[in-house]
Protein chains: 2
Amino acid sequence: MNNEGGLRTGEVAEQAGVNIQTLRYYERRGLIAEPARSPGGHRTYPADTVTLLAVIKAAQKLGFTLDEVAELLATGRRRHPTRDLQHRAAAKLTEVDQKIAHLHTIRQALTQLIAARCDSLTNCTCADCPMPFAGLAQPEGPTPQ
Amino acid sequence: MNNEGGLRTGEVAEQAGVNIQTLRYYERRGLIAEPARSPGGHRTYPADTVTLLAVIKAAQKLGFTLDEVAELLATGRRRHPTRDLQHRAAAKLTEVDQKIAHLHTIRQALTQLIAARCDSLTNCTCADCPMPFAGLAQPEGPTPQ
DNA sequence: CTTGACTCTGGACCTAAGTCCAGAGTTTAC
DNA sequence: GTAAACTCTGGACTTAGGTCCAGAGTCAAG
């Protein structure tokens, strides 16, 4: 095997822990550059593509979408550093805080439902049921035609 | 207009704040019973369908999927109350707690990235960069073929 | 130079919860 | 009885981030 000119698709995929289609998908999405090709048309990646894929994964874990990652990588390629990453990270932080708050609201409602021992969405028999619309009586079966 | 036999699709949709297609979608998914039909084939809903739709919305807001809501409604229709809702609510609570914990992890990483004044995913110039793989140097442009 | 392993393309498919559409039929008010 | 408004069907489309496939072509070892 001769890796001096670069890695083949399968090698990059294996080392980065992604699959081959994902590599091509990222290429289409502009996350990784179009690699050189062998005479027969096979892709030949520079070794740091593996690292780039790790960066992409890390950014995804921070909650950035692939579009956002693509833009962050694009601004990161400019000669002068920008505040783009800081801006986006701050915006993402706000987003995350909103999600956390939303989940806390849900959590509280679930806790109440459990504490009250609700036993039905529609015909709850618990005392002081916290569920809204607990009085609905659904018919036993579908309305026959 | 004669509503004594029930509501028409558009009336239910408007009162429940969903659209007509959603109504048919819920019918296909088994969330609402198949309604009676007019001689011409138009659906005629009982008035409490509006309430049922509100219950479905409430359950969705608690984080239940439509499949879960459908099953909860199904067990709710049985003669004897079951512990199904309690079980599902407890499981959902665990799920919500895991999501909250995950978001806190993300939040912490974002906060570190902001505090360190990171300026690039791939070429960060900040001191003691908390980003993993910050040493990656991406080429200026795509590898030319 | 054969053979097996690998890669190529582009399009279909997946989940979840809907939304939109065309073309046909129904209902209702006047 | 006509016209406007409504509803019917079922299939395609949406978002996000991939995954899978068939059929053809390429690469590398022996």
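Lettering of chains follows the sequences in order, A, B, ..., and the numbering in each one begins at 1.
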If we ignore hydrogens and angles and just use 3.5 Å, is the side chain of B/Glu71 paired with the main-chain N or O of B/Glu68 as donor and acceptor? no

Can any side-chain N or O of B/Gln86 pair as donor or acceptor with the backbone N or O of A/Leu113 at less than 3.5 Å? yes

Please report the distance, rounded to the nearest Å, between [atom1] in [X] and [atom2] in [N].
X: B/Ile20; N: C/dG18; atom1: CD1; atom2: P; value: 16 Å
X: A/Glu71; N: D/dA16; atom1: CD; atom2: P; value: 12 Å
X: B/Glu27; N: D/dT7; atom1: CD; atom2: C1'; value: 13 Å
X: B/Leu53; N: C/dA17; atom1: CG; atom2: C1'; value: 14 Å
X: A/Leu7; N: C/dT7; atom1: CG; atom2: C1'; value: 15 Å
X: B/Ile32; N: C/dG18; atom1: CD1; atom2: P; value: 12 Å
X: A/Arg37; N: D/dC27; atom1: CZ; atom2: P; value: 12 Å
X: B/Leu23; N: C/dA17; atom1: CG; atom2: P; value: 17 Å

OP1 or OP2 of [N] under 4.0 Å from side-chain N/O of [X]:
X: A/Tyr26; N: D/dG18; value: yes
X: A/Arg28; N: D/dG17; value: no
X: A/Ser38; N: D/dT26; value: no

Among the nucleotides [options], which one has an atom lying closest to any side-chain atom of [X]?
X: B/Tyr25; options: C/dT19, D/dC8, C/dT7; result: C/dT19
X: A/Arg24; options: D/dT7, C/dT9, C/dA17; result: C/dT9
X: B/Gln21; options: C/dG25, D/dG17, C/dC20; result: C/dC20
X: B/Arg8; options: D/dT7, C/dA17, D/dG17; result: D/dT7
X: B/Asn19; options: C/dT27, C/dT19, D/dT9; result: C/dT19
X: B/Arg43; options: D/dG18, C/dG25, D/dT9; result: D/dT9

Determine whether more than 12 heavy atoms belonging to other residues, nucleotides or ligands lie under 6.0 Å from atom CD of A/Glu14.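 At most 12 heavy atoms, drawn from other residues, nucleotides or ligands, come within 6.0 Å of this atom.
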
B/His42 or A/Gly41: which one's nearest nucleotide on DNA chain D is closer to the 5' end?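 On the 5' side of the pair lies B/His42.
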
Reading DNA chain C from 5' onward, which residue's closest nucleotide shows up sooner: A/Gly10 or B/Phe64? A/Gly10

Between A/Gly40 and B/Thr22, which has a closest nucleotide on DNA chain C that is more 5'?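 Whichever sits nearer the 5' end wins; that is A/Gly40.
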
Does the pair B/Asp97/A/Arg107 count as a salt bridge with the N-to-O cut at 4.0 Å?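 A salt bridge links B/Asp97 with A/Arg107.
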
Could you verify whether a donor N or O on one side chain and an acceptor N or O on the other, from A/Asn19 and A/Thr22, lie under 3.5 Å apart?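 A/Asn19 vs A/Thr22: donor-acceptor pair found between side chains.
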
